[in-house]
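Every chain is numbered from 1, with letters handed out A, B, ... down the list of sequences.
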Amino acid sequence: RKEVEQDPGPFNVPEGATVAFNCTYSNSASQSFFWYRQDCRKEPKLLMSVYSSGNEDGRFTAQLNRASQYISLLIRDSKLSDSATYLCVVNGMDSSYKLIFGSGTRLLVRP
Amino acid sequence: SQTIHQWPATLVQPVGSPLSLECTVEGTSNPNLYWYRQAAGRGLQLLFYSVGIGQISSEVPQNLSASRPQDRQFILSSKKLLLSDSGFYLCAWFPGQQNSPLHFGNGTRLTVT
């Protein structure tokens, strides 16, 4: 089993739609969780950290479910500019300093 | 503020040639440093990480090596490149505290011909 798994998509949604991505992780002791966004041929950039109580940043909401070992990202009112690949990141099994990326979920927002 | 510099941005190298990619971080001390590789259309693969000078953890056995000669310098090397070494190489730093994010350099796009 991979340490971090994501549905690769692509998710193809119209502008204004709400879309949700999940990411599962295998290390029950993980403490650090993040969502990153990566545009084509660019470096990943931090979208938001994920806190135990869940957190929101504008149209984006991240949640953590420790019991089921997954994190989620909800995007409301999708914009064309949201089209990108979304990567979840979790610290790894044998070290809290080892940050493991999921393979990414591709989002395409159409007009 | 902290910044991370990675160079070169693009590199084309023949098979069998050596490689040296350099990454430096400014504005912080004792960062955790990382090298990731992303093959075309694939996810990020962790290659090496370092929690201090001279301390290197290798994640994937291959013909690459990493060194950390100074606190804020991280170097990725190879003595002989393979075609399969082509990809997008990303250096990143991490303060080490829980819920502190990873910060990436702009990446080096390596093509081995």
Heavy-atom cut-off 4.5 Å, strictly under: side chain, backbone, both or neither for [X] against chain B?
X      : answer
Q6(A)  : neither
R41(A) : both
K45(A) : neither

After noting the C-alpha distance and the side-chain angles of N55(A) and D57(A), does the key distance pass the side-chain contact (heavy atoms from CB on, under 4.5 Å) rule?
-> CA-CA 7 Å; N55(A) 47 299; D57(A) 183 2; over 6 Å; no
Can the ring centres of F74(B) and F48(B) be said to be less than 6.0 Å apart?
->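 So the answer is no for these two rings.
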Who in residues 104-111 of chain B is close to chain A, using a strict under-4.5 Å heavy-atom cut-off?
->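 Hits under 4.5 Å: F104(B), G105(B), N106(B), R109(B).
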Portion of [X] that has a non-hydrogen atom of chain A nearer than 4.5 angstrom:
X       : result
L44(B)  : both
Q38(B)  : side chain
L102(B) : both

Between V13(A) and L47(A), is there a shared hydrophobic cluster once you connect ILVMFWY residues whose side-chain heavy atoms come closer than 4.5 Å?
-> yes
Determine, step by step, whether N63(B) and D85(B) satisfy the side chain to side chain donor-acceptor pair (under 3.5 Å) criterion, reporting the C-alpha distance in whole Å, the side-chain angles of both residues, the deciding distance to 0.1 Å, and the verdict.
-> CA-CA 9 Å; N63(B) 67 321; D85(B) 291 325; 3.2 Å; yes
4.5 Å side-chain heavy-atom contact, V60(B) and R37(B) | no
Beyond-backbone contact of V112(B) with L82(B), side-chain heavy atoms, under 4.5 angstrom | no
Measure up the Y36(B) and Y34(B) rings against each other and bin them: parallel (under 30°), tilted (30 to 60°), perpendicular (over 60°).
-> parallel
Distance-only donor-acceptor hits, side chain of residues 9-19 of chain B, under 3.5 Å, sequence neighbours excluded:
| unit_1 | atom_1 | unit_2 | atom_2 | d |
| --- | --- | --- | --- | --- |
| Q13(B) | NE2 | S17(B) | OG | 3.3 |
| Q13(B) | NE2 | P18(B) | O | 3.0 |
| S17(B) | OG | P14(B) | O | 2.6 |

Verdict with supporting geometry, Y25(A) and F33(A), side-chain contact (heavy atoms from CB on, under 4.5 Å) = CA-CA 10 Å; Y25(A) 60 94; F33(A) 308 91; 3.5 Å; yes
